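Working notes for the structure below.
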Amino acid sequence: MTFGELDALPLTALVTRPVTEQFPDLRPGAARFDAPAGTLVHHAVRDVMTRYPARAGADVAHPRPRTVLDWAAGRFRTLIGAPGGIVSFGADMTSLTEGFVRSVAPALRPGDEVMCTALDHAANVDPWRESARRQGAVVRVADLSPSGELTVDAVTEQLSPRTRWVAVTAGSNVLGSAPDIPAICAAARSTGARIFVDGVQAPAHRFVDVAAWGCDAFVTSADKWYGPRCGVLWNRDGRPRSVLARTADRPGATRGPGIEAVLAAGVAAEVLLRWDRSAVFRHGERLANLLARGLRMIDGVRVLGRPDGRSPIPIVSFQVVGRSAAEVAATLAAEGITVGHGTFGAERALRAVSPDAPESLRAGVARYTTRDDVRALLGGVAAIASPRA
């Protein structure tokens, strides 16, 4: 498989089909709101994962897989606005983040500072905290407002001349809020700090431009933007090249990804690039706002965060008074409506808006979500929240 063959993949026809044809796993009558945990795989992604192993094998030393690796890295750089740098593919975001933090930790000295935020998933907090502890560095945490917002002021208050790294999310996986990353990067760089951005939820819902943002590293996971389970990390340092990170040291972690997953991640990036992303983002925002407004109108339902009813990431977390999140999710699932439940690795963010009961339900809007899906979810929640006989 050559660059020419990769560029000639029949994506144009696939990305212009009706949405129901672009996602073969989409079942009629099912309302899927589990996108924050992993979206359905796009038709083009599934197709190339099926076809590639038979054509190219999985030996990473083979010239064709090397070509695939470079091609996929190039499509990812285009997706996130990176003119150069190193792109690494790994098993998942967590493995790549842990590996990256281990690589920079030796430069930390006792008394140095690392700043994390209360908005972030634990995968972008725990590795920094552990490495700082080992190196004798100090961890500072930027807290959220009572409405669940991470302000630039909250970040700058924790910065000092000793700050070496700032780890921050480009979009919350529970509250849907998205910090002002360019302003945060500018504030961090003014103190000499470097910036690591968790962008797991970002590419599917907002434009990413790491060059304009000014961050030093950006990590995401293709399975959150219609691709395979494959983590992707961009690092500003170094000349443009691509890396396949096969070994994960984390206990229980899987090895990978295979070269077909790397190719599929590149195809997923290409799908996003060929969509009218402005229209896709507006679609997600409109449906999430409609859902949040509808939930607020149901007695006994509490929407978490989203103080003005709007958020850049189309994720809505909510609670039903008197019902556990697991119970509500199970009842909805029986009706063909899939939502998440729990704390989603972001308990600190949920406690900022719900101190006594952080467990919540989470509904995420994807490219394939419809108004009928939103109506079904609202009707299901309304029935559960109504007083018991």
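Nothing fancy with the numbering, it's 1 onward along the sequence. Just so it is clear, the structure is predicted and the values come from calculations on it, not from any experiment.
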Can you find a pair of side-chain heavy atoms, one from [X] and one from [Y], that are under 4.5 Å apart?
X	Y	value
P203	L272	yes
W165	V104	yes
L69	F89	yes

Report whether [X] and [Y] are members of the same hydrophobic cluster (ILVMFWY, side-chain heavy atoms less than 4.5 Å apart, transitive linking).
X	Y	answer
L96	W225	no
V45	I80	yes
L332	I315	no
V208	I181	yes
V152	F196	no

Could you verify whether a donor N or O on one side chain and an acceptor N or O on the other, from [X] and [Y], lie under 3.5 Å apart?
X	Y	value
D34	T338	no
Q319	S354	yes
E359	S324	no
T117	D120	yes
Q22	H42	yes
D372	T370	no

**Fill in**
Checking N173, T169, V174 against L119 for side-chain contact (heavy atoms from CB on, under 4.5 Å), the one that qualifies is T169
**Complete:** Partner of V381 under side-chain contact (heavy atoms from CB on, under 4.5 Å), picked from T331, L361, L295, is L295
Under 3.5 Å, side chain of [X] to main-chain N/O of [Y], donor-acceptor pair present?
X	Y	value
R109	P106	yes
R77	G85	yes
R302	V320	no
H283	T369	yes
Q201	P36	yes
S131	P127	yes
R206	A170	yes

To the nearest 0.5 Å, what is the distance between [atom1] on [X] and [atom2] on [Y]?
X	Y	atom1	atom2	result
H121	T94	NE2	OG1	6.5 Å
D92	S221	CG	OG	6.5 Å
L290	L378	CG	CG	6.5 Å
L175	L144	CG	CG	7.0 Å
L150	S145	CG	OG	8.5 Å
L108	W128	CG	CH2	7.5 Å

**salt bridge (charged side-chain N to carboxylate O under 4.0 Å, His left out) against R164, all qualifying residues, sequence neighbours excluded** = D112
**Prompt:** Should the pair Y226 and W275 be assigned to parallel (<30°), tilted (30 to 60°) or perpendicular (>60°) ring geometry?
**Reply:** perpendicular
**Prompt:** What orientation do F281 and F207 show, parallel under 30°, tilted 30 to 60°, or perpendicular over 60°?
**Reply:** perpendicular
**Message:** Run the side-chain hydrogen bond (donor to acceptor under 3.5 Å, both in side chains) test against R236 and tell me which residues pass, sequence neighbours left out.
**Reply:** none
Ionic contact status for [Y] with [X], cut-off 4.0 Å:
X	Y	result
R32	D373	no
R348	D143	yes
R189	D216	yes
E285	R282	no
D25	R46	yes

**Message:** Before you tell me yes or no, could you show the steps for S160 and E113 under side-chain hydrogen bond (donor to acceptor under 3.5 Å, both in side chains), namely the whole-Å CA-CA distance, both residues' side-chain angles and the distance that decides it to 0.1 Å?
**Reply:** CA-CA 8 Å; S160 81; E113 296 176 0; 2.8 Å; yes
**Neighbour count >12 (heavy atoms, 6.0 Å) for atom CZ, R162** = yes
**Asked** Hey, mind stepping through T220 and W234 against side-chain hydrogen bond (donor to acceptor under 3.5 Å, both in side chains) and telling me if it holds?
**Response** CA-CA 9 Å; T220 184; W234 170 81; over 6 Å; no
**Message:** Tell me if the centroids of the rings in F76 and W71 come within less than 6.0 Å of each other.
**Reply:** no
**Message:** Can you confirm if the NZ or CZ of R362 lies within 45° of the ring axis of F33 and under 6.0 Å from the centre of its six-membered ring?
**Reply:** no
**Prompt:** Do you know which two heavy atoms are closest between L287 and R371, and how far apart they sit?
**Reply:** CD2-CG, 3.5 Å
**Item:** side chain to side chain contact (heavy atoms under 4.5 Å, CB included) evaluation trace for N289 with R306
**Value:** CA-CA 9 Å; N289 293 339; R306 305 180 70 91; 2.8 Å; yes
